[in-house]
Amino acid sequence: MLTGRKGTNSDNFIMLPTVDFCFKELMQNPKVRKGFIAAILGKVPETIRQTTLIPTELQKESEEDKLGILDVLVELENRTKMNMEMQVSYFECWTNRVLFYIGKIYTGQIKEGDDYDKLQKCIHVSILDFIHFPQDKKCCRKIVFCDAKTGEQYTDLMELHILELKKLPPEDQNEGGIIRWMRFLGGKNRKEFEDMAKKDEYIEEAYNELKKLSLDDQKRLEYELRQKAVRDHNMMMKSAEKRGLEIGEKRGLEIGEKRGVEIGKEIGKEIGKKEGEQTALRRIVDHQLKAGKTLEETAELLGLELWEMKELEKMKEE
């Protein structure tokens, strides 16, 4: 299978970092990792002296389940843990998932009998290719524990960074830091990657890594299988949603028709009842008038207004 793909390496194919397989592979490069982590933390890359990749349980799950979310877990020199995840498709409970996994990483640092002072800072980075916060246009934000009234930070032991690629503003020649990295991660073709590589040596390293990955037949196969698995999953979800809407619409029509018949019967009964009452009244009025009573006297007897009596007389004539 791989033999038949050798001729494809001369084409213009380039992997896209928004595919989580590609992002995870990029983070295997120490220099790329250092540049991106420095941008997240707002530091100069040279001050990030050590970043150690830690195998994750999710990685093992993803070997069996092609739809498992691929994450990157790194330990910094000061023992801070940083978990990074790329997510392209909309994920309704993303907040719940993030809190679950950062909590798992945080509590996983100590074992039974260990002291709490062994717990080190944990940072989660979500790189999202969908809108997570629709209420504003901020493309990146840092979330920490704060006092709800004063805004005073309670602790820095847990920290969330949410990067929304869909919200990136128009490109600015002077931009740098995390915005530059977000633009790279959201890039769609070689020209975009090449232009960004000229402005930053760490992004240049990332682009060179992209090119090497794209020329590797085995990596390309894994990349395309990952893309296919995600596409198939999304298509299944859309099909299920469409089928659900069709079933819901059909059921709604059936319920509506049934309720319509019931309402029609109720209205019919009310009309019949009303018409019956009017017929009875007309007979009483007719009897009273034949007995020599006036309309006024008959209205007083029946507790009706004079205009109601006249309406009954009209209906009788019709």
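Starting from 1, each residue takes its place in the sequence as its number.
The distance from atom CG of L163 to atom CD1 of I178, rounded to the nearest 0.5 Å, is 5.0 Å. Rounded to the nearest 0.5 angstrom, E152 CD and D147 CG are separated by 6.5 Å. Between the NE2 atom in H124 and the CZ atom in F100 there is a gap of 13.0 Å [rounded to 0.5 Å]. The line from OG1 of T107 to CG of L119 is 8.5 Å long, rounded to the nearest 0.5 Å. In this structure, CG on N189 lies 9.5 Å from CD1 on I14, to the nearest 0.5 angstrom.
The minimum heavy-atom distance linking A38 with P45 is given by the pair CB-CA, 3.6 Å. The two atoms that bring C22 and L210 nearest to each other are SG-CD2, 3.3 Å, heavy atoms only. The heavy-atom pair separating W94 from S126 by the smallest distance is NE1-OG, 2.8 Å. Minimum heavy-atom separation, I102 to C122: CD1-O, 3.7 Å. Across every non-hydrogen atom of T47 and V44, the tightest pair is OG1-O, 2.6 Å. The two residues N83 and D71 have their closest heavy-atom pair at ND2-OD2, 3.1 Å.
Side chain of D114 to main chain of K111: a donor-acceptor pair is present (N/O by atom type, distance under 3.5 Å, no hydrogens or angles). Checking side-chain atoms of E25 against main-chain N and O of F21 turns up no donor-acceptor pair under 3.5 Å. Checked by atom type and distance alone, the side chain of Y223 pairs as donor or acceptor with a backbone atom of L16 at under 3.5 Å. Formation of a donor-acceptor pair under 3.5 Å by the N78 side chain with backbone atoms of T80 is found in this model. Side-chain atoms of K167 come within 3.5 Å of backbone atoms of F133 as a donor-acceptor pair (strictly under, hydrogens ignored).
Partners of F130 by ring-ring contact (aromatic ring centres under 6.0 Å, His included), not counting sequence neighbours, listed by chain and number: Y90. Under the salt bridge (Lys or Arg N to Asp or Glu O under 4.0 Å) criterion, E75 pairs with K81, sequence neighbours left out. For the side chain to side chain contact (heavy atoms under 4.5 Å, CB included) test, residues two or more places apart in sequence or in another chain that qualify with F145 are Y154, T155, M158. Partners of S89 according to the side chain to side chain contact (heavy atoms under 4.5 Å, CB included) rule, which considers only residues two or more places apart in sequence or in another chain, are Q87, V230, N234. A search for side-chain hydrogen bond (donor to acceptor under 3.5 Å, both in side chains) contacts involving K228 returns D232, not counting sequence neighbours. The salt bridge (Lys or Arg N to Asp or Glu O under 4.0 Å) search around E159 returns K121, K142, not counting sequence neighbours. Residues that satisfy the ring-ring contact (aromatic ring centres under 6.0 Å, His included) test with Y106, not counting sequence neighbours, are absent from this structure. A search for side-chain hydrogen bond (donor to acceptor under 3.5 Å, both in side chains) contacts involving D172 returns nothing, not counting sequence neighbours. Shown here are the salt bridge (Lys or Arg N to Asp or Glu O under 4.0 Å) partners of K34, two or more places apart in sequence or in another chain: there are none. Remark: K138 pairs with no residue by the salt bridge (Lys or Arg N to Asp or Glu O under 4.0 Å) rule, at least two apart or across chains.
A salt bridge is absent between R220 and D216: the closest approach of a Lys/Arg side-chain nitrogen to an acidic carboxylate oxygen does not fall below 4.0 angstrom. E194 and K191 are not joined by a salt bridge, as no carboxylate oxygen comes within less than 4.0 angstrom of a charged side-chain nitrogen. Between E192 and R183 there is no salt bridge, since no side-chain nitrogen of the basic residue lies less than 4.0 Å from a carboxylate oxygen of the acidic one. Taking the charged nitrogens against the carboxylate oxygens, R190 and D195 have no contact shorter than 4.0 Å, which rules out a salt bridge.
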*Given the rule in the side chain to side chain contact (heavy atoms under 4.5 Å, CB included) test, do V88 and D20 qualify, once you have shown the distances and angles that lead to the verdict?*
CA-CA 8 Å; V88 176; D20 54 7; over 6 Å; no

*Full working for side chain to side chain contact (heavy atoms under 4.5 Å, CB included) between R180 and D200*: CA-CA 9 Å; R180 181 177 287 175; D200 186 298; 3.6 Å; yes

*Apply salt bridge (Lys or Arg N to Asp or Glu O under 4.0 Å) to the pair E201 and K31, showing each step before the final yes or no.*
CA-CA 9 Å; E201 67 171 290; K31 185 172 182 178; 3.0 Å; yes

*Which is it for R33 and I37 under the side chain to side chain contact (heavy atoms under 4.5 Å, CB included) test, yes or no, and what are the steps along the way?*
CA-CA 6 Å; R33 199 163 61 239; I37 290 174; 3.8 Å; yes

*For Q109 and K118, what are the C-alpha separation, side-chain angles and deciding distance, and is it a side chain to side chain contact (heavy atoms under 4.5 Å, CB included)?*
CA-CA 7 Å; Q109 297 179 88; K118 288 188 176 181; over 6 Å; no

_E204/K199 under salt bridge (Lys or Arg N to Asp or Glu O under 4.0 Å): CA gap, chis, key distance, verdict_ = CA-CA 8 Å; E204 181 182 21; K199 302 173 184 178; over 6 Å; no

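L53 and L213 end up in the same hydrophobic cluster when Ile, Leu, Val, Met, Phe, Trp and Tyr side chains are linked at under 4.5 Å. Hydrophobic clustering of Ile, Leu, Val, Met, Phe, Trp and Tyr side chains at less than 4.5 Å, counting indirect connections, keeps I131 apart from I179. Linking ILVMFWY side-chain heavy atoms closer than 4.5 Å, directly or via other members, places F91 and L99 in a single hydrophobic cluster.
T95 and H132 are linked by a side-chain donor-acceptor pair at a separation below 3.5 angstrom, with hydrogens and angles left out of the test.
Annotation for E112: atom CD does not count as buried by contact number, only 12 or fewer foreign heavy atoms lying within 6.0 Å.
For residues 39-56, the salt bridge (charged side-chain N to carboxylate O under 4.0 Å, His left out) pairs, not counting sequence neighbours, are R49-E77. Identified under the ring-ring contact (aromatic ring centres under 6.0 Å, His included) test for residues 191-218, with sequence neighbours left out: F184-F193.
Under the 4.5 Å side-chain criterion, counting only non-hydrogen atoms from C-beta, P17 is in contact with L26.
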